[in-house]
2 protein chains.
Amino acid sequence: MQLSKRDVVDVATSLLDDYGIADLSMRRLARELNVSAGALYWHFANKQQLLGAVADRILQPLTPASGNWPERVRATCAQLRDALLSHTDGAELVSASLAAGQSEVMTAVLARLAAAAGDAGVASEHTDLVARTVIYYVLGFTADEQSRLQWDAAGAEVDTTVWTEDPNARFAFGLRLLTDGIAAHSRTGS
Amino acid sequence: MQLSKRDVVDVATSLLDDYGIADLSMRRLARELNVSAGALYWHFANKQQLLGAVADRILQPLTPASGNWPERVRATCAQLRDALLSHTDGAELVSASLAAGQSEVMTAVLARLAAAAGDAGVASEHTDLVARTVIYYVLGFTADEQSRLQWDAAGAEVDTTVWTEDPNARFAFGLRLLTDGIAAHSRTGS
DNA sequence: ACCTGAACACCGTTCAAGT
DNA sequence: ACCTGAACACCGTTCAAGT
């Protein structure tokens with residue numbers, strides 16, 4: 001049976017879920033697919049591009065939100081965080097793909113957030129930066145949260161000093177900071 | 001001559017500056033130091049820890065700022081960004097070390113920002129999150145900026161679509177979003 | 001068009017043995 | 001105490017050759 005891009009990405013995703021990003025190698029993926037490592041390079045130019053396709057698979061569940069701009073920002077960020085938390089090292093993988101410019105879905109999400117910023121009254125030359133700032137927050141927060149969750153699941157007694165509050169509430173609080181900041185920059189208020 | 005931790009970190013930093021993080025390997029570093037690769041493991045438990053030491057070296061120039069809380073936040077962020085931009089892949093390296101919890105200086109910076117948030121009137125159970133949110137922004141923004149700069153220096157015609165504005169002004173604008181958001185959460189106003 | 005097999009040029013980490 | 005040398009178990013990528 002011939003190898004399809006879809007098969008490759010599916011198996012890569014399950015490898016990611018089971019063993020994490022550090023063990024997601026081209027050679028191991030090829031072995032899992034019963035194919036030689038070189039075969040993957042017929043379908044993908046390099047590993048970065050393959051990881052970008054996995055990132056897009058992870059981000060598939062994201063759909064455009066409706067409502068006023070703060071609702072749309074909150075919904076988009078919540079969807080993004082949920083998608084990242086659904087896969088081992090999801091935040092790390094998507095961050096890397098964003099940095100490499102290899103995720104098309106991420107580009108669409110950025111555009112969605114920039115449009116919301118525009119509706120908030122942010123000047124057009126700044127909407128992209130506002131969108132990126134929101135994304136930096138979601139990726140940073142979720143990468144942190146996920147590494148703690150995974151450490152924890154691995155049986156370590158993570159310091160619970162002041163980390164007692166519900167992660168959802170913490171996430172919402174940090175996001176509120178950003179939406180309040182955006183509102184302060186708008187011509188019309190929230 | 002005996003190998004000292006300082007020598008190792010110094011040479012690692014110059015290797016980083018000259019060839020980037022992808023080429024900063026334990027074996028290459030050992031070669032540069034005229035030592036076997038195994039020797040490094042007498043001084044550092046693993047690569048992550050060594051990279052943490054390099055991160056701390058990069059962050060050495062950071063000093064506690066003075067002034068009212070928004071001034072301290074701005075100064076700290078400006079210092080951080082400057083330090084990151086002074087070394088090839090600086091933002092990427094420090095981000096990784098922060099995630100791994102291997103940078104002591106980063107812990108100190110976080111504490112500084114949390115204190116500023118406290119002065120802004122943020123409730124004590126949220127100051128750490130506010131500090132982290134600011135750090136996510138600086139690291140995200142600077143990693144973006146640096147990858148564009150380095151792509152550019154490598155001779156590529158990066159799309160200059162709406163990217164025309166001064167990076168310093170863009171950085172300040174995004175940071176303003178955050179400080180405005182913090183001010184909105186304070187009991188006392190800015 | 002799609003894939004294999006072998007090669008190239010590397011990795012991080014460990015550890016017995018040496019000085 | 002500090003380091004070497006060799007080994008273990010891997011990497012990403014290329015490319016002539018096969019079907």
Side-chain angles (χ1 to χ4, degrees), chain A residues 1-16 18-55 88-89 92-93 95-97 99-103 147 150-151 154, chain B residues 1-16 18-55 88-89 92-93 95-97 99-103 147 150-151 154:
Chain A
M1 249 289 287
Q2 237 189 229
L3 204 55
S4 81
K5 256 173 145 130
R6 271 218 48 179
D7 296 336
V8 176
V9 174
D10 281 357
V11 172
T13 306
S14 77
L15 226 39
L16 178 74
D18 293 347
Y19 306 102
I21 199 173
D23 288 334
L24 178 45
S25 71
M26 296 300 268
R27 292 176 106 112
R28 178 148 188 196
L29 176 55
R31 206 192 311 138
E32 217 79 13
L33 286 159
N34 290 114
V35 105
S36 82
L40 296 173
Y41 289 87
W42 182 262
H43 300 276
F44 297 91
N46 49 43
K47 187 179 182 179
Q48 211 173 72
Q49 195 170 102
L50 168 28
L51 291 182
V54 176
T88 308
D89 297 328
E92 209 182 316
L93 178 101
S95 293
S97 297
Q102 295 290 355
S103 169
S147 84
Q150 290 174 188
W151 243 77
Chain B
M1 248 290 285
Q2 237 190 229
L3 204 56
S4 80
K5 257 174 143 134
R6 273 218 46 181
D7 297 336
V8 176
V9 175
D10 282 357
V11 173
T13 306
S14 77
L15 226 40
L16 178 73
D18 293 347
Y19 306 102
I21 200 172
D23 288 333
L24 177 44
S25 71
M26 296 300 269
R27 292 177 106 111
R28 178 148 190 196
L29 175 55
R31 207 191 310 137
E32 217 80 11
L33 286 159
N34 290 114
V35 106
S36 81
L40 296 173
Y41 289 86
W42 181 261
H43 300 276
F44 297 90
N46 48 45
K47 186 178 183 180
Q48 212 172 71
Q49 196 170 101
L50 168 28
L51 291 182
V54 176
T88 309
D89 297 329
E92 209 182 316
L93 178 100
S95 292
S97 296
Q102 295 289 354
S103 169
S147 85
Q150 290 174 188
W151 244 76

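Just so we're clear, the structure is a prediction, and the values are computed from it rather than from any experiment. A, B, ... follow the sequence lines: proteins, then strands. Residue 1 opens every chain.
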Quiz item: If the C1' atom of dC15(D) is compared with that of dC2(C), how far apart are they to the nearest Å?
Solution: 14 Å
Quiz item: Nearest to the side chain of Met26(B), which nucleotide is it out of dC2(C), dG12(C), dC2(D)?
Solution: dG12(C)
Self-check item: Shortest side-chain distance from Tyr41(B), nucleotide among dT14(C), dC11(D), dG5(D)
Solution: dT14(C)
Quiz prompt | Asn46(B) side-chain proximity, nearest of dG12(D), dT4(C), dT13(C) | solution = dT13(C)
Self-check item: Heavy-atom side-chain contact between Leu93(B) and Leu51(B) under 4.5 Å
Solution: yes
Exercise. Kindly compute the distance separating OG (Ser36(B)) from CH2 (Trp42(B)), expressed to the nearest 0.5 Å.
Key: 13.0 Å
Quiz prompt | Residue Arg31(A), side-chain heavy atoms: nucleotide from dC11(D), dT4(C), dT13(C) that is nearest | solution = dC11(D)
Quiz item: Can you tell me how far C1' of dT4(D) sits from CG of Leu3(B), to the nearest Å?
Solution: 13 Å
Quiz item: Rounded to the nearest Å, what distance is computed from the CD atom of residue Gln48(A) to the C1' atom of nucleotide dT13(D)?
Solution: 14 Å
Self-check item: Arg27(B) side-chain proximity, nearest of dC2(C), dA7(C), dC11(C)
Solution: dC11(C)
Quiz item: What stem regions, each of at least 3 consecutive Watson-Crick or G-U pairs below 3.5 Å, can be found for DNA chain C?
Solution: C:4-8 with D:12-16, C:12-16 with D:4-8
Practice problem: Among the candidates dG12(C), dA1(C), dT4(D), find the nucleotide nearest to the side-chain atoms of Trp42(A). | Solution: dA1(C)
Quiz item: Counting N and O atoms only, with roles assigned by atom type, does the side chain of Gln150(A) sit under 3.5 Å from a partner on the main chain of Thr88(A), one being a donor and the other an acceptor?
Solution: no
Quiz prompt | Integer-rounded Å distance: dC15(C) P and Leu40(B) CG | solution = 17 Å
Exercise. In whole angstrom, give the distance that lies between atom NZ of Lys5(B) and atom P of dA1(D).
Key: 15 Å
Practice problem: Measure from CD on Gln2(A) to P on dT19(D) and round the result to the nearest Å. | Solution: 17 Å
Practice problem: For Leu29(B) and Leu15(B), work out which heavy atoms get closest and say how close. | Solution: CA-CD2, 3.7 Å
Quiz item: Rounded to the nearest 0.5 Å, what separation is found between the CG atom of Leu50(A) and the OH atom of Tyr41(A)?
Solution: 8.5 Å
Quiz item: Just how far, in rounded Å, is P of dC11(C) from CG of Leu29(B)?
Solution: 11 Å
Practice problem: Return the nearest nucleotide to the side chain of Ala37(A); candidates are dT13(C), dC3(D), dT13(D). | Solution: dT13(D)
Exercise. For Gln49(B) and dG12(C), give me the distance from atom CD to atom P, rounded to whole Å.
Key: 15 Å
Quiz item: Looking at the side chain of Arg28(A), which of dC3(C), dC11(D), dG12(D) is the nearest nucleotide?
Solution: dC11(D)
Self-check item: His43(B) vs dA1(D): side-chain N/O to OP1/OP2 distance below 4.0 Å
Solution: no
Practice problem: Give one of base, sugar-phosphate or nothing for Ser25(B), where a contact means two heavy atoms less than 4.0 Å apart. | Solution: sugar-phosphate
Practice problem: Give, for atom CD of Glu92(A) and atom OG of Ser97(A), the distance between the pair rounded to the nearest 0.5 Å. | Solution: 11.0 Å
Self-check item: Where Met26(B) and Asn46(B) come nearest, the two heavy atoms and their spacing
Solution: CE-C, 4.4 Å
Quiz item: If you measure from the P atom in dA9(C) to the same atom in dC10(D), how many Å do you get, rounded?
Solution: 23 Å
Quiz item: Hey, does Leu40(B) have a side-chain heavy atom less than 4.5 Å from the side chain of Leu33(B)?
Solution: yes
Exercise. Could you check how far CG of Leu33(A) sits from C1' of dC2(C), rounded to whole Å?
Key: 15 Å
